[in-house]
Structure formats: C-alpha cells, structure tokens
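A quick note: this is a predicted structure, and the numbers were derived from the prediction, not measured.
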Amino acid sequence: MLKKYIEGSLEFSSYEEMREKFSIKIPENFNFAYDVVDEYAGTEPNRTALVWCDDNDEERYFSFFDLAEASAKTANFLKERGIKKGDRVMIILRRRYEFWFFLLALHKIGAIAIPATTMLLAKDVEYRNKAANVKMIVTVDDESLQEEVEKSLENSPSVESLVTIGKKRKGWISFYDFYGSESPIFKRPSGEEGTENSDIMLLYFTSGTSGYPKMVEHNFSYPLGHIVTAKYWQGVLNGGLHLTVAETGWAKAVWGKIYGQWLCGSAVFVYDMNSFVPAKLLEKMAKYKVTTFCAPPTVYRYLVRQNLKKFDLSNLKCCATAGEALNDEIFNKFYELTGHKLKEGYGQTELTLTIGNFPGMEIKPGSMGKPAPGYNIDIVDSQGNSCPAGETGEIVIRLEKGRPFGMFAGYYKDDELTAKVFEGNLYHTGDTAYKDQDGYYWFVGRTDDMIKSAGYRISPFEVESVLQKHPAVLECAVTGVLDPKRGQVVKATIVLNEGFTGDTKLSRDLQAFVKENTASYKYPRIIEFVEELPKTISGKIRRVEIREKDSN
C-alpha cells in the first residue's frame, strides 16, 4: 500500500538522506476511505485494521473488510438523513469504534467531519454550531453530554438532526435502529459529487490557550502527510499494533489512530477507558501486545511511577511523545525502566509532524529533534531575521518552495487570520525555540508565555522542567507577574504529590532547588499551591487564566 504513495525508496541510510530524498506522490482526487480502506478490503480483506476494548471487558476486532462495509452502511444512513458533500457533521464519540464508521463514511460522502471532545459544554457546542454551520451532531449516549448539546440548540439554527450511539433518547435518531438494515455498498460519487484534493475533509477547532478556538481546515490530501508521522517518528510496523492514547475529539487522534498507521500497514489499538488509570493502561498494552506507543509526557510521568516489571512489554519496539515539551527527568527514567528512548516530536493541529527524532539520529533528551521531510524550518527574531544557534526565536516554516504535504488549507471563514499567520511567505507557529550547533531544536514556549524579568527573557518551560524533578511536584505552571522594579517576576503555580504539604518551608525548598539546578535569576519569587491547574478542553495548561487572575 505505502509504495503507491512514495517516490523512490522507503528506507534510508541516514537522517540527511531521508530529508533529501523522501517524497510523497499525491494522486488526483485522493480519498482515504476509498483508496486505502476499500483498497485493503479488496486486496487483503482479512488484514486487521482496528483492535478495540474497554473497561467492561468488551472487545472487538475489525478487519479492513469490516470497516469498508461499516463505513458504507453508515454513509447510506447519513445520506438518507440529508447529509451530502460539503455538509458539516460534528462527531463526539470519545474512543468508541463507531468513530471510525462515521469518519470514513463522511469521507466517502465528501462531507466535512468535525471531531469534538465529550468535555464540551453547551456554550462550546453552540459556538461550534454557529461558527461552522453544523448540520448534524453525533454523540455517544452520555446523558450529561447530550443535555449540553440540547441546551445549545436554541441558538443553533443550522442543526437539523441529532444522532445517538447506544441508548435511545427522545428527539434523537438512534443509529442502531437503522444501521443493521443499511446496504453495505456505497458507490464512489463522481462528477460534482466526487471529492477533489482541495475539498475540505476535516475541520478542527483548536483549543487555544486564549481567545475563541480557531477553525483549522484540512483537505483530502492531508492523510498522506502522516506517512512521516507514523513510519519515521512513531516507528509503526507493517503488521504491528499501534496505540496513541488521545481521545478522538483531539487532532492528535488522526495523527495516531487512523491515517499514517493504516497507510504503513499497522493496525490501530484503541482502549476506550472511562478514566486514565496507569496500571490498567499497562495491562492492556501487555495483553494485546502493543508494538508502538505514543502519548504526551504527562502520561509517561505517571507510567514511570508504576512497577513496570509487572507488565510484559516485550512486544514494544518504539515509543514517541508530543503535545507538550518533555523534560529529561521523564526521558531518563523511562529509558532506565524499559530500555526505550522516547522520541519527542513537534507539530500543531494545523500541521503534521514538523520536527521529530527520526531513524539514524542520536536522541538528545529534551530536544524536539530535527525538521521533518518537506518542512523548511527556521527560527526568527521579532524582525524576521534568522537566529543564530543558541538564540531563542519563533518557529516558522519557510514557504518559498511551496507548502509541505499535510499543512492545513487555512482558517475556515477567517481570511484575515489566515493572512496573518502566513505573512512574509512564512507560516508563523507562535511557538518559540532555539537550535543548537548540531541542528537540534529545543522548545521554549508560546510567544505570549515568555517572561521578561529585569532584562532577562525566561522560558516558563525551563523553570517547569526543573520543578518537575522535585519529588513534591506533580504538575506546575510558570507565569510572569507584574512587578514595579523588575517588570515581571517568576511565579510557579504547583499541584503537589500526595504526602506533601504546601507551606512556607516547602516554598523555600523549591526555590532553592531551582537555584541549584538552573540560573539563579530564574527561580520563582512567588509560589502558589493549588488543587488543580486551569486547562483547555484538550488538556493544555491555560497560563493566560493564571495571568488574568493575578492581574485582577
């Protein structure tokens, strides 16, 4: 399958050769549902595509033939209810296997899928409905979620129907009342109803750390950009089983739960957990013999506290991490316990894997790695000049040679914002980093998170990384607080591990610990202990909320 979409070789002797020679072939009118899933169903119908389980000991195995039929039946269900090419459908299905039925069905129709998380409240759903003109909402049978959806309808005139998976609900269409009688054949549309590469396929609302979410458009060629994500960063294996822990409402799910993995021949493992329990996750990984694994650093932080010798992880071949910066404490501990070096990577909802640790590279703990094939990365200062090694600036993507495969098409209905982020023939990520003498990139933070104190520029991540090495600290967020003498001073907002008390003595110990492990001017002059940190729907720390509270 993969060779159909690659120019030249799939294997390279070095990172440099991969950067120079790797190239993707993008055919006309590519549609992942037909050209990958249905193609597998025709040539290798019994090949495993999806292995699913939950906390109730239910499990399901799906071949590509199963998913080709399921998506066709679901497409017929949707078409009969008025969904056509270009319509927007919000799917809030947690980690239920029906997510794959609906996503593929929408691809087949040419409709626009809007994956969303079950954590949305009525105001969040209403904003999405109005901003994207959502026509249908599909959810799991979660009563509290469905109540929030119903509350949003008063101010959501575009929504015509609600679909529930599972238990029936008044005013909702029950999917399984109809699914069993639908035809397992859905003919590929042609002409005006057929899809083109430039058509919008996915619409993601980013959970920004400030302001309203942006609407990120991805077109039908987007899945091919994740070949690099899966094969060269996550290290997925043909015939293997890959687990990315993300819930399907997050963009990270399509990085690790469908496109690149299936293109590379790996099945996808899905654990539909009720809540994150580290030992249960490890049990599932051992039982189902997961071969490759990807999770944010927070998950690894909890995993290394388990007795990993209790779990048979011998099938595990490669582990990757992204979503937030990785501190070297977690890297070293996981390596010590498992023998696997975590391969950090960097990207955004707008992109595919942009910077990563690839085969043939020495891994430097804490570094994001080097630019992915197709991405011309630079670090620039506020005037747009390239920064020398060691100097912090904004991560940008140079577009003189064209846009990389997998880059987003723009922000939906927002030409002004689209033009702003592409100003100067660059894509501005809004993230800061520096590059070392060996060409490795090191994450610093969001441009609006940097702290300026007494003439120094201080990275919140750098201070957070030090604090997280202290046994008392479970989570922390570092921000700047206005100060008449210094401009800003460093503040640390900390969630403690069990058994520790947030008092003056601990505050002094933590301040001394930071001074001992980094430049003394970076130590937090203010420390606040809290029960939890404010976070976005996707789990990112909202430092802006802490700053706003402190400024009032």
Side-chain angles (χ1 to χ4, degrees), residues 33 37-38 41 45 48-84 87-120 125 129 134-150 152-153 159-187 247-249 253 257-258 267-274:
V37 176
D38 285 8
T48 302
L50 186 69
V51 178
W52 178 93
C53 69
D54 66 7
D55 283 326
N56 301 318
D57 294 325
E58 185 182 350
E59 65 179 14
R60 293 284 301 271
Y61 287 76
F62 296 92
S63 67
F64 280 103
F65 182 82
D66 295 332
L67 288 181
E69 281 205 340
S71 59
K73 293 170 73 171
T74 306
N76 283 312
F77 167 85
L78 291 168
K79 189 175 181 181
E80 289 163 9
R81 278 142 197 87
I83 300 301
K84 59 186 184 300
D87 286 341
R88 274 75 64 194
V89 177
M90 194 185 310
I91 45 179
I92 315 177
L93 293 174
R94 204 177 58 221
R95 295 178 180 86
R96 286 290 306 176
Y97 51 77
E98 290 90 352
F99 172 81
W100 285 262
F101 296 6
F102 275 87
L103 186 67
L104 293 169
L106 292 168
H107 293 351
K108 286 185 170 182
I109 293 171
I112 300 170
I114 306 176
T117 174
T118 56
M119 297 169 67
L120 296 180
V125 179
N129 291 340
V134 171
K135 188 172 181 177
M136 176 188 281
I137 302 175
V138 184
T139 82
V140 291
D141 59 350
D142 179 316
E143 185 172 355
S144 61
L145 167 65
Q146 292 180 331
E147 286 177 356
E148 296 297 322
V149 170
E150 289 166 353
S152 77
L153 295 182
V159 178
E160 296 179 3
S161 54
L162 306 176
V163 176
T164 181
I165 305 296
K167 189 168 59 179
K168 295 181 181 181
R169 186 176 180 87
K170 185 179 179 181
W172 292 65
I173 301 165
S174 178
F175 175 63
Y176 281 111
D177 281 354
F178 302 92
Y179 174 76
S181 59
E182 297 290 355
S183 170
I185 298 171
F186 188 86
K187 187 177 179 181
E247 191 228 305
T248 61
K257 290 183 178 291
I258 182 167
V268 168
F269 176 64
V270 179
Y271 170 30
D272 188 13
M273 62 184 83
N274 293 323

- Item | Where Ile258 and Val268 come nearest, the two heavy atoms and their spacing | N-CG2, 4.1 Å
- Nearest-0.5 Å distance that lies between atom CH2 in Trp172 and atom OG in Ser161: 10.0 Å
- To the nearest 0.5 Å, atom CD1 of Ile112 lies from atom CZ of Arg88 at 5.5 Å
- For atom CZ of Phe62, decide whether the heavy atoms of other residues, nucleotides or ligands shown that lie under 6.0 angstrom number more than 12. yes
- Task: Would you check if Tyr97 and Val270 make a side-chain contact, meaning some heavy-atom pair closer than 4.5 Å?
- Result: no
- Query: When you measure from the side chain of Ser63 to the backbone N and O of Pro45, does any donor-acceptor pair fall under 3.5 Å?
  - Reply: yes
- Are any of the side-chain heavy atoms of Ile173 and Phe178 separated by less than 4.5 Å? yes
- Task: Would you give the length of the straight line joining atom CG of Asn129 to atom CE of Met136, rounded to the nearest 0.5 angstrom?
- Result: 13.0 Å
- Go through the structure and list residues passing side-chain hydrogen bond (donor to acceptor under 3.5 Å, both in side chains) with Trp52, not counting sequence neighbours. none
- Could you tell me whether the side chain of Val37 reaches within less than 4.5 Å of the side chain of His107, counting heavy atoms only? no
- Note on the structure: In short, Val51 meets Thr48 closest at the heavy-atom pair CG2-CG2, 3.8 Å
- Message: Keeping Asp55 on the side-chain end and Asn274 on the backbone end, is there a donor-acceptor pair under 3.5 Å?
- Response: yes
- Message: Could you check whether any side-chain heavy atom of Asp87 comes within less than 4.5 Å of a side-chain heavy atom of Ile109, counting everything from C-beta outward?
- Response: no
- Is Leu162 close to Leu153 at the side-chain level, that is, under 4.5 Å between some pair of heavy atoms? yes
- Task: Output the distance between atom CD (Glu147) and atom CG (Asp142), rounded to the nearest 0.5 Å.
- Result: 9.0 Å
- Item | Verdict with reasoning, Phe101 to Lys73, per side chain to side chain contact (heavy atoms under 4.5 Å, CB included) | CA-CA 9 Å; Phe101 296 6; Lys73 293 170 73 171; over 6 Å; no
- The single option from Leu93, Leu106, Thr164 passing side-chain contact (heavy atoms from CB on, under 4.5 Å) against Val138: Leu93
- Task: Hey, could you give me the CG/CG distance between Leu103 and Leu67, rounded to the nearest 0.5 Å?
- Result: 11.0 Å
- Closest non-hydrogen contact found for Gly166 with Ser174 is O-OG, 4.0 Å
- Stepwise salt bridge (charged side-chain N to carboxylate O under 4.0 Å, His left out) test for Asp141 and Arg169: CA-CA 8 Å; Asp141 59 350; Arg169 186 176 180 87; over 6 Å; no
- Message: Under a 3.5 Å distance rule, please check whether Asn56 uses its side chain to pair with a backbone N or O of Glu58 as donor and acceptor.
- Response: no
- Item | Contact check, side chains of Trp100 and Thr248, non-hydrogen atoms, under 4.5 Å | yes
- Do Asp38 and Lys108 sit within salt-bridge range, that is, some charged N less than 4.0 Å from a carboxylate O? yes
- Message: For a side chain to side chain contact (heavy atoms under 4.5 Å, CB included) check, start with the C-alpha distance between Thr74 and Glu182, then their side-chain angles and the critical distance, and finish with the verdict.
- Response: CA-CA 8 Å; Thr74 306; Glu182 297 290 355; over 6 Å; no
- Task: Kindly indicate whether the side chain of Lys167, heavy atoms from C-beta on, has any atom under 4.5 Å from the side chain of Gln146.
- Result: no
- Query: For Arg95 and Glu247, which heavy atoms make the closest approach, and how far apart are they?
  - Reply: NH2-N, 3.5 Å
- Verdict with supporting geometry, Arg96 and Phe102, side chain to side chain contact (heavy atoms under 4.5 Å, CB included): CA-CA 11 Å; Arg96 286 290 306 176; Phe102 275 87; over 6 Å; no
- Message: Testing the basics here: between Ala72 and Pro184, what is the closest heavy-atom pair and its distance to 0.1 Å?
- Response: CB-O, 3.3 Å
- Query: If you take all heavy atoms of Leu104 and Ala33, which pair is closest and at what distance?
  - Reply: O-CB, 3.6 Å
- OG1/Thr139 to CZ/Phe175 distance, rounded to the nearest 0.5 angstrom? 13.0 Å
- Task: Please test Glu148 against Leu120 for side chain to side chain contact (heavy atoms under 4.5 Å, CB included), starting from the C-alpha separation and ending with a verdict.
- Result: CA-CA 8 Å; Glu148 296 297 322; Leu120 296 180; over 6 Å; no
- Member of Val163, Ile83, Asp177 meeting the side-chain contact (heavy atoms from CB on, under 4.5 Å) criterion with Phe77: Val163
- May I ask you to test the Lys79-Phe186 pair for a side-chain heavy-atom distance under 4.5 Å? yes
